[in-house]
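By convention in this document, chain letters (A, B, ...) are assigned in the order of the sequence lines, proteins followed by strands, and residues within each chain are numbered from 1.
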Amino acid sequence: MNWRRLWAVVIKELRQLRRDHITLAMIVGIPIMQLILFGYAINLNLRHLPTAIADQSLTSGSRQLVMDMLATGVIEPVASAQSPQQLMEMLRRGEISVGVVIPQDFERRLATGEEVVQVLVDGSDTVVQSAAVQLAQMPLTYTPAEPRASSVPLPQARISVVSFYNPQRVSAINIVPGLIGIILTMTMVMFTSVAIVRERERGNMELLIATPVSRAELMLGKVLPYGIIGLIQTSLILLLGMLLFQVPIRGSVLDVYWSAMLLILANLSLGLLISTRAQSQFQAMQMTFFVFLPSILLSGFMFPFDGMPAPAQWLAEVLPLTHFLRLIRGIMLRGADFSDLWPEWLALVVFILVMMTLAIVRFRKTLD
Amino acid sequence: MPGESDIAIRARGLTKCFGSLRAVDDVNLTVTRRQVYGFLGPNGSGKSTSIRMLCGLLTPTAGEIEVLGLRIPEQAEELRRHIGYMTQQFSLFADLTLRENLEFLAAVQDLPRREAEQRVDELLHEYHFEGRADQLAGTMSGGQKQRLALAGSVIHKPELLFLDEPTSAVDPESRRDFWEKLFELADAGTTILVSSHYMDEAERCHRLAILDRGRLVADGSPAELTGALAGRTLEVRAEQPRQAKRVLVQVPGVLSAAQIGNSLRVLCEESGDCRARIEQAFADAGVSATVTPIAPSLEDVFVAATNRPADQLATEAP
Ligand SMILES: Nc1ncnc2c1ncn2[C@@H]1O[C@H](COP(=O)(O)OP(=O)(O)OP(=O)(O)O)[C@@H](O)[C@H]1O
Ligand SMILES: [Mg+2]
C-alpha cells in the first residue's frame, strides 16, 4: 500500500464527484426526500372516514360505544341508517366508506362475549379495511368490567387505527433510525459499484491497470470518499430526524456513528464486489436493486422480523441492514450499549471482511 | 533496471483466442531498444490485442513474452513502472482538467511530489497546452486529446512506450509534429512500439510488422520490405484506365491493379516477366498503354503480404 498513490486516487475521485452535480444532489436529496416521505406520508393515520351507523339497540351502552368510536376521529358520521341493508346500499353508492351495525341484542351479546358489532367496509380499499378491523375490536376493549373480555386482553383501551402500510404501528421515531440504514444501503452500494463500472465503460480502467497503482489502492481509493459521504448522510438524517420528528438518541452518539460506519463499509464492499461482476452501469444498478429490495422487505424495516417465515429470516440474517437495524434501534431507541449488541456488529464485521476479500481477489488488473 | 540486453521486446508464438476467433495467431516479434517499431494492419488485425498482451493487460492463450527482460504476464506488475501505454480509445478522465489528469498520473507513477509538479508544468509546456491547463480533458478536440494522452504516457519517462493508434484523430500537419516528438523520445533512449493505419507513418518507423487477421505477414525495415519487391511494381499509363484495368486483372501473374488518377499501379507475382505479358495483353486487346517500372511502396508490401488491395488497410486521413 502506497499512501501517495492511494491519496491520488481519493483526490481524483473527490474532484470527479465535485463536478458531478447530479450525484452530489442525490447524496443530499435522497436522505431528505426519504426522510420526509417515510416520516410524514407513510405514517399518516386514517382520519374522518365517511360513516353511517345503524344503532338498532339504542341502549346507553350502545350510545356510549358510538360516542367512543366517534371520539377516535377515525370515523365521521355523514348519514343515518336503520338497517344493515341500508348501509350496504350506501356503501355501494360510495356515500360512505364504513358502516357500523349495532344489533338489537347488543347488551346480551356483550354479556356472553359474542360478536357485538358488525363493521361493513368498502373492501376495495385495503387501508379502510384494516381500519375496520380495529374498529371491530372496540367493544371488547371497551368493557373492562366484563369478565369474558379479559380472556382477550388488548393493551389499549381506546381504538387506535393505524395504516395498513405500517402494521407495526411504527412512528417517525421508529422510522428514522431504520431510514439511516435504508438510505446507506441504497446509495452506498450503488455509488461504489457504478463508480468502478463507469471507469470500465469509459475506458479509464485500461489506463489505470497499466500503471503501478495496486488493486487495494484502487479499491480503497474508491471506498474512502464514499465512506465520508455516507457519514455525511447519516449526520443529515440524524439532524433532520431530531429537528422534524424529535427523534431521540438514547444511547451514545459515538455508538450510532460506529454502527453507521460498519454498515457503510459493508455496503461499500458489497458495491465493490458487484463492480467486479457488472459489465455496464445498468447491470450494476440492477444488481444493486437485487440486494436493495430484500434488504427493505426482509430486514425488519417494513415488516416485523419475527412474523416472517424461517427461510426469509435466514436470508435476512445475511443482509447487513438486518443487523444494522437491530444495532441502531437498540442504541437510539432503547439506549443500549454498543458492546451489548456484539452479535450484530460482529456479523457486520464478518460481512465486510468476506466481501472486501472477495472483491479484491476477484478484481484483476487485466482485461480478460 | 532488468535486462541490459539490446532487446526490448521478444515474443514467441504469441497467440490470443477469443472463443473460436484467433485474434492474434502465432506472432513472433523482436524489438530492439531505441527503435520506433511500427505495427501496421487493417481493422481487427490484432494490433491492439498484441499490444495489450505485451504490456500484460491480456493473458496470451499461448506463447512466450519477454519485455525489458521480464517474463510477461508473470512479472507484469514489475513491468508497469517502466512502460507507458497510450490506449487507442481516450482513457484519461474526461471530467478532470488537463493538469489534474497529469497530476494524477504523476502520483500513481510514483513521482515524488515536487518532481511531479515540475514534470507536469514541463509537459504542459512541451505539448503546447499552456493556458489550457484548467480545461476539462473531455472538452478537447480529438487530436488534442491524443496529444494529452501522449504527454500522460511519458510522464514518468518510461523506457518503453506502447502507442496504440496515437494519431488516428490528428490532422496531417500535427501528425508530423507528433512524430517529431516520437523521434525525440527515441533519441532520448525510449523504445517505441506504435500501431497505425497510415502508410506514411509506417515509412517513418525503423522497423515494422504487418499484421493481417492476427498473423504477422511481414516484418523488417521499410527499406527491406520494399526492397524485397524490387522489379515487381509497374506503373501503367493509359487513356482509359478503367478499360486498362479490366485487361490487367485478366493477366496471369498480376496480383493487383489500383487506379491512382490517370495511371494504374500494378503489383506482379514474384516469378518474372510480368511486364512482357501485360504489354502483350494490351496489344491483344487493342488498348493503348505504356508500362514502366516504378519503385515499390509500403502499400505494395501490404498488398503482396496479404493478397488484399491496399485500400482495405485504411482510408487516408483527410
Ligand atoms: N475482448 C474481446 N472479446 C472478443 N473479441 C475481441 C476482444 N478484443 C478483440 N477482439 C477481436 O479480436 C480481433 C482483433 O482486435 P484488435 O482490437 O486487436 O484489432 P486492431 O488491429 O487493434 O483493430 P483496429 O485497427 O480497429 O484498432 C477483432 O476481430 C476483435 O473483434
Ligand atoms: Mg486497435
Side-chain angles (χ1 to χ4, degrees), chain A residues 1-25 191 194-222 224-225 276 279-281 360-368, chain B residues 16-18 23 48-49 51-61 72-73 76-97 99-113 116 136-138 145 149 152-153 155-156 158 161-162 164:
Chain A
M1 183 74 63
N2 175 309
W3 297 110
R4 172 142 160 75
R5 287 200 299 248
L6 175 63
W7 185 239
V9 178
V10 171
I11 290 291
K12 182 210 85 178
E13 211 64 38
L14 288 176
R15 280 173 166 165
Q16 288 183 298
L17 199 61
R18 200 184 61 203
R19 299 207 172 97
D20 186 351
H21 296 295
I22 296 194
T23 306
L24 274 186
F191 285 162
V194 165
I196 290 192
V197 174
R198 186 176 52 201
E199 292 199 328
R200 199 168 299 143
E201 268 187 340
R202 292 184 183 169
N204 307 131
M205 201 46 93
E206 187 169 355
L207 171 94
L208 285 174
I209 61 178
T211 70
V213 71
S214 76
R215 291 186 284 182
E217 286 155 10
L218 262 185
M219 300 248 140
L220 278 180
K222 290 267 173 203
L224 287 178
T276 63
Q279 294 299 315
S280 64
Q281 294 187 52
I360 292 182
V361 168
R362 281 193 50 93
F363 183 82
R364 294 254 158 265
K365 277 189 79 180
T366 63
L367 295 167
D368 16 31
Chain B
K16 179 72 186 181
C17 300
F18 294 112
S48 300
T49 307
I51 291 177
R52 285 172 176 155
M53 284 193 284
L54 294 176
C55 14
L57 297 181
L58 274 179
T59 318
T61 311
I72 305 300
E77 208 48 60
E78 166 69 17
L79 178 70
R80 294 200 168 122
R81 16 192 109 252
H82 305 290
I83 60 163
Y85 172 38
M86 177 174 160
T87 54
Q88 179 171 359
Q89 193 199 356
F90 182 67
S91 59
L92 290 176
F93 300 94
D95 46 0
L96 291 187
T97 66
R99 182 183 291 282
E100 289 166 349
N101 264 299
L102 293 178
E103 277 173 355
F104 172 73
L105 286 174
V108 296
Q109 292 288 3
D110 291 335
L111 263 68
R113 217 170 277 270
L136 291 184
K145 278 181 186 160
S153 64
I155 199 156
H156 53 303
L161 202 50
F162 292 96
D164 197 354

*asked:* As an exercise: rank A/L207, A/I11, A/N2, A/L208 by heavy-atom pairs under 4.5 Å with chain B and give me the winner.
replied: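 It is A/L207.
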*Which of the residues A/N204, A/V213, A/T366 is involved in the greatest number of heavy-atom pairs with chain B at under 4.5 angstrom?*
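So the answer, after comparing A/N204, A/V213, A/T366, is A/N204.
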Measuring heavy-atom distances to chain A, does [X] have an atom under 4.5 Å in its side chain, in its backbone, in both, or in neither?
X      : answer
B/P73  : neither
B/F90  : backbone
B/R81  : both
B/S153 : neither

*Taking B/T97, B/I83, B/V108 one by one, which has the highest count of heavy-atom pairs under 4.5 Å against chain A?*
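With the most close heavy-atom pairs to chain A, the winner is B/V108.
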Heavy-atom contact with chain B under 4.5 Å, split by part of [X]:
X      : value
A/R364 : neither
A/L6   : neither
A/E217 : neither

*For the atom pair CG (B/L105) and NZ (A/K12), what is the distance rounded to the nearest 0.5 Å?*
10.5 Å
_B/N101 CG to A/R15 CZ distance, which is reported to the nearest 0.5 Å_ = 9.5 Å
_Between A/R19 and B/L136, is the side chain to side chain contact (heavy atoms under 4.5 Å, CB included) condition met? List the steps._
CA-CA 10 Å; A/R19 299 207 172 97; B/L136 291 184; 3.7 Å; yes
*B/Y85 versus A/T211: any side-chain heavy-atom pair under 4.5 Å?*
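No; the side chains remain at least 4.5 Å from each other.
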*Would you indicate whether the side-chain heavy atoms of B/D95 and A/D20 approach each other to under 4.5 Å?*
no
_Could you walk me through whether B/F93 and A/R202 satisfy the side chain to side chain contact (heavy atoms under 4.5 Å, CB included) test, starting with their C-alpha distance in whole Å, then the side-chain angles of each, then the deciding distance to 0.1 Å, before giving a yes or no?_
CA-CA 9 Å; B/F93 300 94; A/R202 292 184 183 169; over 6 Å; no
Can you give me the closest heavy-atom contact between [X] and [Y], atom names plus distance?
X     : Y      : answer
A/R4  : B/R113 : NH2-CA, 3.7 Å
B/Q89 : A/E201 : NE2-O, 4.4 Å
B/S91 : A/G203 : CB-O, 3.2 Å

*Charged N-O contact under 4.0 Å between A/R5 and B/D110*: yes
*With side chain to side chain contact (heavy atoms under 4.5 Å, CB included) as the test, would you mind laying out the steps for A/Q16 and B/L96 before giving the verdict?*
CA-CA 7 Å; A/Q16 288 183 298; B/L96 291 187; 3.8 Å; yes
